[in-house]
Peer 1: 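Here you go, one structure.
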Amino acid sequence: MNFADFHRRSIEQPDAFWAEQAQLIDWHKPFDTVCDYSRPPFVHWFAGGQTNLCHNAVDRHLKDRADQNALIWVSTEVDKEICYSFRELHAEVQRMAACLIELGVKKGDRVLIYMPMIAEAAFAMLACARIGAIHSVVFGGFASVSLASRIDNATPVVIVSADAGSRSGKVVPYKGLLDEAITLAAHKPARVLMVDRGLAPFARVAGRDADYGELRRKHIDARVPCEWVDATHPSYTLYTSGTTGTPKGVQRDTGGYCVALAASMKHIFLGQPGETYFSTSDIGWVVGHSYIVYGPLIAGMATIMYEGLPTRPDAGIWWSLVEKYKVTAMFSAPTAVRVLKKQDPAYLSKYDLSSLRALFLAGEPLDEPTAKWIAEALGKPIIDNYWQTESGWPILTIANGVEKAPSKFGSPGVPMYGYNVKLINESTGEEIRAADEKGVVMIEGPLPPGCMQTVWQDDARFVKTYWTELAGKQLYSTFDWGVRDADGYYFILGRTDDVINVAGHRLGTREIEESISSHPNVAEVAVVGVADNLKGQVAMAFVIAKDASGLTDNAARLKLEGDIMKLVDGQLGAVARPARVLFVSALPKTRSGKLLRRALQAVAENRDPGDLTTIEDPSALQQVKELVAQK
Ligand code: ATP
Ligand code: MG
């Protein structure tokens, strides 16, 4: 089928379109209405219908593939690999569900999951879905303050956690942080369910902390049926990455999400039942929810859950897994590819990757040098996809499962079915219809199935944060800049707050970064606008050099800085030329690998960097502070 027609139908006849997609999943009770948009911008998909995420991810596959792999857990941290068939996963999820029920969890209760990348984390998510509890996974790398604020927001009855994670072979204890977070939080969970991996000793709080190993044994033969819930019943809450400010608690439904994932596995990710999917993300992020746990399993695929670094024991580890498990679709992030790019490319040709159809990348802009490098090294299609925690599945990409279409470097692709994407001129509020004109990427309501229902416990924040009414229509803002070319392909130019204004010229930081990263000695770059008395703002670039060995020498450093400035002059014009190019060994990033531009900009302007609870490595910011002070 022609994708343009497919997309048009999804927008013009959404009821017929989505009723058809809804056949990809099992319903306990059929829905009465496909799309109830009587109270915009709130939308109810598949109202009146009843289903269950866990049933669709696990139980319904028992008939055809009980003994096929469902969850393949690989840890290069503790050197273990366990394959769970659908039958075994079914048993484990029921054991976990029985434990949660014993600890008092009921339908609609929240369960906070604060776990490393271990199979029990997936069991816990699926067990919640099974009994109609709402999970809230908090990334295991967060420390007590971030965790406490999420505990207060989700108000869980039970927290599921583990003694420790492990990073680069070093044990990272969790329990102390959890106890501290519970002390800090105003809300106190009734019970804590601890998975003891035997990595780090921990103190137990009597009457509150329960041992998973012990309870699991007690419920070894548990039979816990799926609780049929309304399609609109919340399945989970999940926080955005906090790149631009305080994280937002995204609330997702059940039926719409299940349908959206099933459809995306078919149309976008080309996943076939019985095959293996490998997403390198973490269950703490939306990619982990949609494409480690739910999406592949709903599609009847085996999914690989990987605990470890992409470079340990060596940079071939991911590709060795592709070979071993005949992975057909792989999903990662540009930041991970950049890590691999610094390693010997021979690792990529060492393994048999013939099973792999494509590598999907998302989460941040995919710069051309990185895209070209991985495309050449792998010899496979690289499919960029643009979306958000809020959307739950891709907004812009290429749906090769509907119609094969070429990708363009630098573009994630075209609007996906269900998304009525518009570019809006920020100053006039009018829709941009011409090609190559920059605007804010917005989506006309209703948002398609799978997207956020609201901000958890805060309908007003949902409306106020995301929605604007333009010409009688409700528009959702992605807060990203974009441009569409004559072929309808979109290019994301950065966040709406990433624009710098140099003497009246509005420049996207992304364009300057693209230009700088084409210099052969630039591994990574971040550009921010800093206040300037004369020009209003000027660009300042922070660069990680590929080869920094010569840069301790002042003259060499100034030469490279000059070369980079000349490059920008030549490509974009002098107006975009950074006032300074400073060399650093690391950039401040969130734990999901996104550049913390607002913090970088604040420090570059000698201001307080604000909320840093999601930062990965505070020393990166310290380095910037020192450089800026020296200048
Ligand atoms: P917060 O909303 O809390 O500030 P965040 O926006 O970083 O954090 P996420 O939902 O994890 O949280 O990230 C979504 C954002 O990531 C998008 O709005 C966009 O800016 C960026 N992004 C994701 N995928 C792509 C892509 N393929 N190309 C360009 N940018 C992308
Ligand atoms: Mg965001």
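Note that ligands are numbered from 1 as they come in the structure, with each ligand's atoms numbered from 1 the same way. Throughout, numbering of the chain's residues begins at 1 and tracks the sequence. Note that the coordinates shown come from a computational prediction; the quantities given were computed from them, not determined experimentally.
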Peer 1: Taking atom 3 (O) of ligand 1 as the point of reference, which of Thr496, Thr240, Thr465, Thr614 owns the nearest heavy atom?
Peer 2: Thr240
Peer 1: Using heavy atoms and a threshold below 4.0 Å, how should the contact between Trp387 and ligand 1 be classified: side chain, backbone, both, or neither?
Peer 2: backbone
Peer 1: If the cut-off is 4.0 Å to any non-hydrogen atom of Thr389, which atoms of ligand 1 fall inside it?
Peer 2: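 Close to Thr389: 9 (P), 10 (O), 11 (O).
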Peer 1: Under 3.5 Å, N or O to N or O, is Ala362 touching ligand 1 that way?
Peer 2: no
Peer 1: Within ligand 1, which atoms have a heavy atom of Pro365 less than 4.0 Å away?
Peer 2: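 Those qualifying, in numeric order: 28 (N), 29 (C), 30 (N).
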Peer 1: So if I count the atoms of ligand 1 from 1 in the order they appear, which ones are less than 4.0 Å from some heavy atom of Asp480?
Peer 2: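 Answer, ordered by atom number: 17 (C), 18 (O), 19 (C), 20 (O).
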Peer 1: Should Glu431 and Lys422 count as an ion pair when the cut-off is N to O under 4.0 Å?
Peer 2: yes
Peer 1: At under 4.0 Å between heavy atoms, is it the side chain or the backbone of Glu364 that contacts ligand 1, or both, or neither?
Peer 2: backbone
Peer 1: Extract all donor-acceptor atom pairs below 3.5 Å that involve side chains of residues 404-413 and protein atoms in other chains or at least two apart in sequence.
Peer 2:
unit_1, atom_1, unit_2, atom_2, d
Lys408, NZ, Asp485, OD2, 2.7
Lys408, NZ, Asp487, OD2, 2.5
Ser411, OG, Gly413, N, 3.0
Ser411, OG, Tyr490, O, 2.6

Peer 1: Could you measure the distance from the CG atom of Leu184 to the CD1 atom of Ile151? Nearest 0.5 Å is fine.
Peer 2: 8.5 Å
Peer 1: Is Arg167 paired with Glu616 through a side-chain N to carboxylate O contact shorter than 4.0 Å?
Peer 2: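 Salt bridge present between Glu616 and Arg167.
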Peer 1: Within a reach of under 6.0 Å around NZ of Lys341, are more than 12 heavy atoms found that belong to other residues, nucleotides or ligands?
Peer 2: yes
Peer 1: Side chain, backbone, both or neither: which applies to Lys594 and ligand 1 if a contact is any heavy-atom pair less than 4.0 Å apart?
Peer 2: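 The answer is the side chain of Lys594.
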Peer 1: With side chains defined as the heavy atoms from C-beta onward, is the minimum distance between Pro116 and Glu307 less than 4.5 Å?
Peer 2: yes
Peer 1: Side chain, backbone, both or neither: which part of Asp384 comes within less than 4.0 Å of ligand 1 when only heavy atoms are counted?
Peer 2: side chain
Peer 1: Taking the side chain as everything from C-beta on, heavy atoms only, tell me whether Glu430 gets closer than 4.5 Å to Ile424.
Peer 2: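 No, too far: nothing below the 4.5 Å cut-off.
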Peer 1: How does Asn385 reach ligand 1, by side chain, by backbone, by both or by neither, if only non-hydrogen atoms under 4.0 Å count?
Peer 2: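 Only the backbone of Asn385 comes within reach of ligand 1.
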